[in-house]
Amino acid sequence: MLPKQKYFTKSDQSNFQLVEVLVDCPGLEKPYTYGVPVNLLIKPGDIVNVPFKARVIGGIVLNYVDSFPHNIDYKKIKYVNDVITTSVFSEKYWKMLNQVAQYYHTDLVNVIKAALPPRLLGKSQRRIRLVTKIVNQEDGDLPDSSIKILNLLQKEKSKSYSVKYLQNKIKDYYKGIKVLKNRNWIEDYLEMPKNSQVKQQKLVIQLKNNNSSNLTVKQLAVLEALQLNNGSMPLSELLTWSQVSCSVVQALEKKKYLYTEYREKLRLSKQKVEKIRLAKTLTTNQSKALNVINSLQKYAEVLLHGVTGSGKTEVYMQAISTLLDKGKSALVLVPEISLTPQLMDSFQGRFGVLVSVYHSNLSDGERYDTWRQMLIEKPQIVIGTRSAVFAPLPNLGLIILDEEHDSSFKQTQIAPTYHARKVAKMRGILENCPIILGSATPSLESWVSVHYSKLPSSNSYYLSLPERVNLRPLPSIEIIDMRNELKQGNKSIFSRSLQKSLNDLKKQQHQAILFIGRRGHSTFVSCRSCGHVIKCPNCDVSLVYHYDSNSHGVLKCHYCNSSRTQPIKCPECKSPYFKFFGNGTQKVTEALNKEFPELSFLRFDSDTTRYKDSYRSLLNKFSQGKVDVLVGTQMLTKGLDVEKVTLVGVISADGLLYLSDYYASERAFQTLIQVSGRAGRGKEPGQVIIQTYVPENTVIQTVKEHNYESFVHKELIRRKELNLPPYGHLILIQLSSLNAMEVEKTAEIFYDFLAKNISLDCEILGPAPANITKLEKRYRWQILLKFKSHLQTTTSEIKAWYKICPSSVKLKIDIDPIYIS
DNA sequence: AGCACGCCGACT
DNA sequence: GTCGGCGTGCTC
Ligand SMILES: [Zn+2]
Ligand SMILES: [Zn+2]
């Protein structure tokens, strides 16, 4: 191999090749110029590692250039280190990436990072390692910190640690390192970015050589095996096939009978090829919808509003089927995938190997491989969560967002803070293909967009599936005023009506879902005598209790992931008695045990679904009818389709209604309709009982009537009055710092700046402390901007915002935020 | 971001 | 006088 040159030299000048690389470094928009080493083949679009100051980072090659950038000394030009992978994005795809960057006010690299499989753009790491194996520690006066570092390094198998880790762990890090360096006991080095998702394997390729006289039996066996495999095969396979060790292959390589090289290895997804299930017969409404969809030839926005159980999936699948025949590909976006395994199964059952799946539960390697498959020009179907909206399908013909109202389609923390629906629309327009938004409870945004669209009417469609398939009725919904229950002397958490239905459950051999209207599913711990709640030392949130068979239990922070064991005594008052209060699933199961001992149940919360796949197995157990009742919170609402469920009981809906969030009502309505929709999907009609202390609440009333439109009209009036989306537009500015005073001060300066500079039709709300005032040791403040009509901030304005903040204050901008208080 | 360089206070 | 703290500006 050629030695890697770092810088340009005189001799390079005559015959150089230069590329512009967009490096993965925030705040830098212009590309950097690099030399192409003679032994590397580089194409625009390649993902590469490049040296950048004193480190190596990832980047993407934009184009070749034929002159050095002016005002730069050519001697400063460095060479590309290596190529990670090649990928050619179409012009439309690049346009889309740029549009996303512009709309969400972030750098193009950040969008590219979101679009690529995770961690493909890497960075080097500075590390410290032991030089000598035996260190004479007795030797003289080593400072404490040096001894600590030595001990750590010696304990570690690799005899090395990252600088960052040691800096955090050792208090006099700098001094300790210096002493050790002076004695030449340690050295620092740069560990190159490891792109482990790109699996390389050694490939053996046969060379033409007819002289087989002086070969051994084993060598002949190797050549024979190669011949049988058309002259090339992976080394590992070759060795097992011909039963030899690699030295035999090396000998043959020396004699020029073959050569070896590294090639990328794709892990083919192991699809179980089941028998392909046939299309179902459609209802009249379904085929009407399908006909409209099939007639679409260009960009169009379709809202498919189908009640729960109306067979939206079947419409999607038949639309995709026609699309595939035309040689085009389809993209299907779903909420967090594990919650909708049934949708996945139907697609794979219908289309078999044409379906690939892309979501965050896959390993980096699997995601990378799937992503590579997408680049192939063949009709295919990609099903995935939010980030799959960037699937680089070359011949995209249709984008579907199933359960389009779901909040997991919005990225909230990391830039770009994109909504998959927004990106899907951009792609649809650029690729000139329709997008379908499917839901039983469409987001107000989509409802307004389709009904009061600025598009010519031929480009937006409202398709309704108002009835369930097989003429099954929607479940009846009964609202129970829990104040009356108490008045009548019923102290149970189950109303008399729910008690009666639970009583009948066993003899009818039906199943039930009991739903607790709470966000999240966490158990907190408080002291029984002083009420002290144990909080995270880094964040202003309560720690969450996790059962642990080895100890008393573990308290974890759901935000920064720090943990501690459950204390024996209250740290405040030393009382040994604690109270566990949580989402209420425990209370419900206790009541079930007491009042309905004949019913078996499953609890569905963080304790029971902690392990990977455990919740899928819980759901399987339930859908196979092995238990009577499933008890849980939010996670129960999506895509659960069990025929024998005839009863859904909402123990308390009120936790959903009173949240200090602008969007709380919309989400409460969606949640209640979705959970109600789990009832009566089989032959038996369903029944829903919703318990509340505020039966007169609009959400409760409209849910009772299954009246989506009525809810929407009432909620839209409120949104219009308050200038909230879908009429107004919001930008959330989040400021954070390790120093509490500093953020507050910056927030005020920020406000003053905005008040002076921002356009008139923008209302500035705040500054105010964020909902979680402290997160990962950082104190947080926020400012909300409310625009009367369209977002009017320009990229140059946003750049000025970053300049306001001192370096110790971090600024995050969330465009169209969905959680706001 | 993250790394190097540079300028200033307190400790030899 | 030097060590080591942090502020500032550059990275092909
Ligand atoms: Zn206490
Ligand atoms: Zn925390």
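Just so it is clear: chains get the letters A, B, ... in the order the sequence lines come, proteins before strands, and each one is counted from 1.
Using a 4.0 Å heavy-atom criterion, one finds that A:P31 contacts no nucleic acid atom at all. Counting any heavy atom pair closer than 4.0 Å across all strands shown, A:K30 reaches a base atom. Counting non-hydrogen atoms under 4.0 angstrom, A:I72 reaches a base of the nucleic acid. As judged by a 4.0 angstrom heavy-atom cut-off over every strand, A:R126 is placed among residues touching the sugar-phosphate backbone only. Among the atoms of the strands shown, none is found under 4.0 Å from any heavy atom of A:I57. At the heavy-atom level, A:Y34 lies under 4.0 Å from the strands shown only through sugar-phosphate atoms.
Comparing atom distances between the A:K53 side chain and each of B:dA4, C:dG4, B:dA1 picks out B:dA4 as nearest. Proximity note for A:K76 (side chain, C-beta onward) versus C:dT11, B:dG2, C:dC12: the nearest is C:dT11. Of the candidates B:dG2, C:dC12, B:dA4, the closest approach to any side-chain atom of A:A54 belongs to B:dA4.
A:L811 places its CG atom 15 Å from the C1' atom of B:dA1, with the value rounded to the nearest Å. Whole-Å rounding puts the A:E29 CD to B:dA1 C1' distance at 15 Å. The nearest whole Å value for the distance from the CZ atom in A:F16 to the C1' atom in C:dC12 is 14 Å. Distance CG (A:L28) to P (B:dG2): 13 Å, rounded to an integer number of Å. Rounded to a whole Å, the CZ atom of A:R127 is 16 Å from the P atom of B:dG2. Nucleotide C:dT8 holds its P atom 20 Å from the OH atom of A:Y802, rounded to whole Å. Between A:K803 atom NZ and C:dT8 atom C1' there is a gap of 15 Å when expressed in whole angstrom units. Remark: C1' of C:dG5 and CD1 of A:I177 are 18 Å apart, rounded to the nearest angstrom.
Side-chain atoms of A:S124 and A:R55 include no donor-acceptor pair closer than 3.5 Å.
The aromatic ring of A:F52 is stacked on the base of C:dT11, with the two ring centres less than 5.5 Å apart and the planes inclined by under 30°.
The main-chain N or O of A:V48 is never found under 3.5 Å from a side-chain atom of A:D46 such that the two would form a donor-acceptor pair.
An OP1 or OP2 oxygen of C:dG4 is reached within less than 4.0 angstrom by no side-chain nitrogen or oxygen of A:Y174.
Electrostatic pairing of A:E29 and A:K799 counts as a salt bridge here, judged by a charged N lying under 4.0 Å from a carboxylate O.
Residue A:Q102 qualifies as open at atom CD: its count of foreign heavy atoms under 6.0 Å is 12 or below.
A cation-pi arrangement is present between A:K422 and A:Y103, with the terminal nitrogen or guanidinium carbon under 6.0 Å from the aromatic centre and inside a 45° cone about the axis.
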